[in-house]
2 protein chains.
Amino acid sequence: MTAVKESSTRNFNKGIALTSCPVTFVMEKIGGYWKPIIIFHLMSGPKRYSELKRAIPQITEKMLIQHLKQMQNDDLVRRDAQAVVPPVVTYSLTKSGQDLFHVLNSMVDWAVKNGSV
Amino acid sequence: MTAVKESSTRNFNKGIALTSCPVTFVMEKIGGYWKPIIIFHLMSGPKRYSELKRAIPQITEKMLIQHLKQMQNDDLVRRDAQAVVPPVVTYSLTKSGQDLFHVLNSMVDWAVKNGSV
DNA sequence: ACAAGTACTTACCCCAAAGTATGTAACCAT
DNA sequence: ATGGTTACATACTTTGGGGTAAGTACTTGT
């Protein structure tokens, strides 16, 4: 009966970082290999699920919907479905999602200046 | 003939993301729970190893040096050691590291506006 | 003699995120 | 009736980031 193990110095640390560090808060939302790329593609306007898939060929379908769902929960992305015969589902950025432009942009600026290697 | 397994769709994807996505490039450098926090503490000026340790009590020593080393390799942080009796090692931000201020700041701005929940 | 401080290093474990593979429901064209 | 398209779902495996715990070398204070 080796105890419940508490399993969570990790979660505790995550907690303090999240509540005490706004940067970590943001990175929770746009972290993960694919999220920034998905957001980037949605910046140019609403896209269908299949359009996103074709625009990002390397992503698996699992990762694509998984991230789209997380971003819906985080209110970065809106999903609009038409109950038609072959389903038509359109994803677009919410206001919060669009506001991320400034964040991503400052990252790009930094990368351009400091991406020499 | 189920292929050689390649061991690395992961690394391959990481590769394309890194070379094709400047945002991912940046997140590789400031990602991880502790890096933004360490950078934040170094923003207010150079700090000794033990000062950082005390400033961020929850971090383990392993994580602290690990991240400090990575950030040295990424040229975000400079290490200055004095060869004195009890070692004195001082860490400070490089120009690149200081430039991250704008990036972190835009994240904070976004978090303040969209961190309601 | 022994604890305490300074700046690390090393071996080991755990879990959650990412990837693989396959299935599903509804319809349409051939 | 068979295959293709659309938008998912779900079970299983892998991997690497993060954590735990302990050790090192050298010196000062008591």
Side-chain angles (χ1 to χ4, degrees), chain A residues 2-18 24 27-38 47-72 77 79-91, chain B residues 2-18 24 27-38 47-72 77 79-91:
Chain A
T2 12
V4 191
K5 184 63 179 184
E6 263 294 287
S7 102
S8 46
T9 307
R10 193 83 157 263
N11 287 331
F12 175 73
N13 283 341
K14 201 162 170 174
I16 41 162
L18 270 175
T24 303
M27 299 226 283
E28 282 283 314
K29 314 245 162 190
I30 63 173
Y33 288 132
W34 302 110
K35 278 186 193 172
I37 298 175
I38 296 171
K47 294 274 180 305
R48 289 185 62 174
Y49 175 81
S50 49
E51 285 184 287
L52 286 171
K53 237 195 81 168
R54 277 190 293 268
I56 316 169
Q58 299 86 1
I59 200 174
T60 63
E61 301 195 48
K62 182 200 168 197
M63 283 295 107
L64 184 52
I65 28 142
Q66 194 176 97
H67 284 129
L68 284 170
K69 279 194 175 177
Q70 283 173 23
M71 295 169 100
Q72 283 174 67
V77 161
R79 192 188 104 115
D80 295 297
Q82 297 171 43
V84 293
V85 233
V88 175
V89 180
T90 308
Y91 290 94
Chain B
T2 13
V4 191
K5 182 67 178 182
E6 265 295 288
S7 102
S8 44
T9 307
R10 193 84 157 261
N11 286 331
F12 175 73
N13 283 341
K14 203 162 168 173
I16 41 159
L18 270 175
T24 304
M27 300 227 282
E28 282 284 312
K29 313 247 163 190
I30 64 173
Y33 287 131
W34 302 110
K35 278 185 190 171
I37 299 175
I38 295 171
K47 296 274 181 303
R48 291 185 60 175
Y49 175 82
S50 50
E51 286 182 286
L52 286 172
K53 238 193 78 166
R54 276 189 295 268
I56 315 171
Q58 300 85 2
I59 202 174
T60 63
E61 301 195 48
K62 181 200 168 195
M63 284 294 106
L64 184 51
I65 28 142
Q66 195 175 96
H67 284 131
L68 284 170
K69 278 194 176 177
Q70 283 173 23
M71 295 170 101
Q72 282 174 67
V77 161
R79 191 189 104 114
D80 296 296
Q82 296 172 44
V84 292
V85 235
V88 174
V89 179
T90 308
Y91 291 93

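Order of the sequence lines sets the chain letters (A, B, ...), proteins ahead of strands, with each chain counted from 1.
Side-chain N/O atoms of A:Arg79 include one lying less than 4.0 angstrom from OP1 or OP2 on D:dC8. Between B:His67 and the phosphate of D:dG17, there is no side-chain N or O to OP1/OP2 separation shorter than 4.0 Å. Contact annotation: A:Trp34 does not reach the phosphate of C:dA17 (side-chain N/O to OP1 or OP2, under 4.0 Å).
Between the CG atom of B:Leu64 and the C1' atom of C:dA7 there is a distance of 10 Å, given to the nearest Å. Remark: P of D:dC12 and CD of A:Gln66 are 17 Å apart, rounded to the nearest angstrom. Between B:Asp80 atom CG and C:dT6 atom P the separation is 18 Å, expressed in whole Å. Rounding to whole angstrom units, CD1 of residue A:Ile65 and P of C:dT20 are separated by 15 Å. Atom C1' of nucleotide D:dG17 and atom CD of A:Glu28 are separated by 14 Å, given to the nearest angstrom. For the pair A:Tyr49 OH and D:dC8 P, the interatomic distance rounds to 7 Å; values are reported in whole Å. Across the protein-nucleic acid pair, B:Met63 atom CE and C:dC14 atom P stand 16 Å apart, rounded to whole Å. If you take CD1 of A:Ile30 and C1' of C:dA17, they are 17 Å apart, rounded to a whole angstrom.
Judged by distance alone, the side chains of B:Tyr91 and B:Glu51 never bring a donor and an acceptor atom under 3.5 Å apart.
Listed nucleotides D:dT6, C:dT6, C:dC8 differ in distance to A:Arg48; the shortest reach to its side chain belongs to D:dT6. Checking C:dT6, C:dC8, D:dG18 against the side-chain heavy atoms of B:Tyr33 singles out D:dG18 as nearest. Checked against C:dT10, C:dA7, D:dC8, the side chain of B:Lys62 finds its nearest nucleotide in C:dT10. Side-chain proximity of A:Ser50 to D:dC8, C:dT6, D:dA7: nearest is D:dA7.
Looking at heavy-atom distances under 4.0 Å, A:Lys69 makes contact with sugar-phosphate atoms alone, never a base.
No more than 12 heavy-atom neighbours from other residues, nucleotides or ligands sit within 6.0 angstrom of NZ on A:Lys53.
Proximity of A:Val77 to A:Ile38: side-chain heavy atoms (C-beta onward) are nowhere separated by under 4.5 Å. The side-chain heavy atoms of B:Met27 and A:Tyr33, taken from C-beta on, include no pair separated by under 4.5 Å. Residues B:Leu68 and B:Leu52 form a side-chain contact, since some pair of their non-hydrogen atoms from C-beta on lies under 4.5 Å apart.
Ranked by how close their nearest DNA chain C nucleotide is to the 5' end, A:Gly32 and A:Glu61 are led by A:Gly32.
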